[in-house]
Amino acid sequence: MILLDGKKTSNDIKDEITAEVSKMKANGEKVPHLAAVIVGSDGASLTYVNSKVRACERVGFESTLVQLPNTVSEVELLDKIEELNQNDAIDGFIVQLPLPKQIDDQKILMAIHPDKDVDGFHPANFGKMALDMSTFIPATPFGILELLERYDVDTKGKHTVVIGRSHIVGRPMSILMGRKGWPGNSTVTLTHSHTKNITQITSQADIIISALGVPDFLKAEMVKDDAVIIDVGITRVPDDQAAKGYVIKGDVDFENVSKKASYITPVPGGVGPMTIAMLLKNTLLARERHRAK
Ligand code: NAP
């Protein structure tokens, strides 16, 4: 079994980006600038946003954190987004989800200018991705592709089963694995909560990408020998013994599934760090596009 080490790979990517930024600085060029908008003070969301800001510092990007209260209105948030769309100093920005219930997520994502949409959630970018056009690929699926590529995992003609059909992970992943090229050229089955006999489907899979958010959902008996296992799940499970009062669990029963897998991602240290590295890559791309205008 080979561990798909997202922590190490993401550090390699960050080193590569740092080298590019150093060249920009040496040439007197403007470095990439990412802004992150966070609404409210949800612990997990703050952790994610802070790690994105720290990652910017690590590679030499500029970053701006916009913190808004939980009570912010939809109009106020839309105004802030328009301000970021117009701000020439900022190459790309993200709005951390989830948003409070008075705010319509779709309206917010639609308001982000597609050229600054480094999360790749805008329909214009999602459509381009589905049509094999150059665009921002959502960071988590992009990170999974990068891991498969860097570990030279064969995907051509393989049966890939994706569990979960969210707009940010499962759905784009199913499109990307079925695209022409590599990683891709897979025969893809997309499963969700209405899928019947899921064990019958997963046990035929060469590659399983699990993104549902149920700890230890994928058991050894659901997996065939030598399958490639990508665990996207991140769930905080309360644990009195842990210093933080919780532990992070993936969707995969790692202890038992890893005995059968050919390749597997750990949680933590697998897909999570790759997501942040690919957000930086998208910001680099946004800066190139911005300069080309
Ligand atoms: P989500 O919006 O929470 O949706 C979960 C998906 O799982 C839905 O499509 C749901 O089906 C499906 N599902 C639920 N129970 C199922 C079952 N028993 N069998 C098959 N499918 C089932 O998904 P998400 O936002 O993609 O998040 C999934 C997990 O990934 C979470 O743990 C999240 O924290 C994690 N995540 C990690 C990263 C990272 O960087 N590593 C990034 C994003 C998300 P229906 O559509 O029918 O409801």
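Whatever order the structure lists them in is the order used to number ligands and atoms, beginning at 1. Side-chain atoms are counted along with the backbone in the values below, which use heavy atoms only and exclude waters and symmetry mates.
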Pairs under 3.5 angstrom only: tabulate donor-acceptor contacts from the side chains of residues 118-132 to other protein residues two or more places apart or in another chain.
from: H122; atom 1: ND1; to: A124; atom 2: N; distance (Å): 2.9
from: H122; atom 1: NE2; to: M110; atom 2: O; distance (Å): 3.3
from: N125; atom 1: OD1; to: T135; atom 2: OG1; distance (Å): 2.9
from: N125; atom 1: ND2; to: P114; atom 2: O; distance (Å): 3.0
from: N125; atom 1: ND2; to: D117; atom 2: OD2; distance (Å): 2.8

Answer yes or no on whether R287 is positioned over the face of F61, meaning its NZ or CZ is under 6.0 Å from the six-membered ring centre and within 45° of the axis.
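No, R287 does not lie over the aromatic ring of F61.
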Quick one, list the residues around ligand 1 where some non-hydrogen atom comes in under 4.0 Å, by chain and residue number.
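These residues qualify: T140, I163, G164, R165, S166, I168, V169, H192, S193, H194, I198, A211, L212, G213, F217, V232, G233, I234, T235, V271, G272, T275.
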How about T275 and T140: does a side-chain donor come under 3.5 Å of a side-chain acceptor?
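T275 vs T140: donor-acceptor pair found between side chains.
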Please table the atom pairs, donor to acceptor, closer than 3.5 Å between any side-chain atom in residues 202-214 and protein atoms at least two apart or in another chain.
from: T202; atom 1: OG1; to: I198; atom 2: O; distance (Å): 3.2
from: T202; atom 1: OG1; to: T199; atom 2: O; distance (Å): 3.3
from: T202; atom 1: OG1; to: M222; atom 2: O; distance (Å): 2.8
from: S203; atom 1: OG; to: T199; atom 2: O; distance (Å): 2.6
from: S203; atom 1: OG; to: Q200; atom 2: O; distance (Å): 3.3
from: Q204; atom 1: NE2; to: Q200; atom 2: O; distance (Å): 3.4
from: D206; atom 1: OD1; to: K224; atom 2: NZ; distance (Å): 2.8
from: D206; atom 1: OD2; to: H159; atom 2: N; distance (Å): 2.7
from: S210; atom 1: OG; to: D251; atom 2: OD2; distance (Å): 3.1

Mind checking side chain to side chain contact (heavy atoms under 4.5 Å, CB included) for A242 and listing every partner two or more places apart, or none if nothing turns up?
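Only D239, V247 meet the side chain to side chain contact (heavy atoms under 4.5 Å, CB included) criterion with A242.
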Between D115 and K293, is the salt bridge (Lys or Arg N to Asp or Glu O under 4.0 Å) condition met? List the steps.
CA-CA 11 Å; D115 289 347; K293 269 190 190 171; 3.3 Å; yes
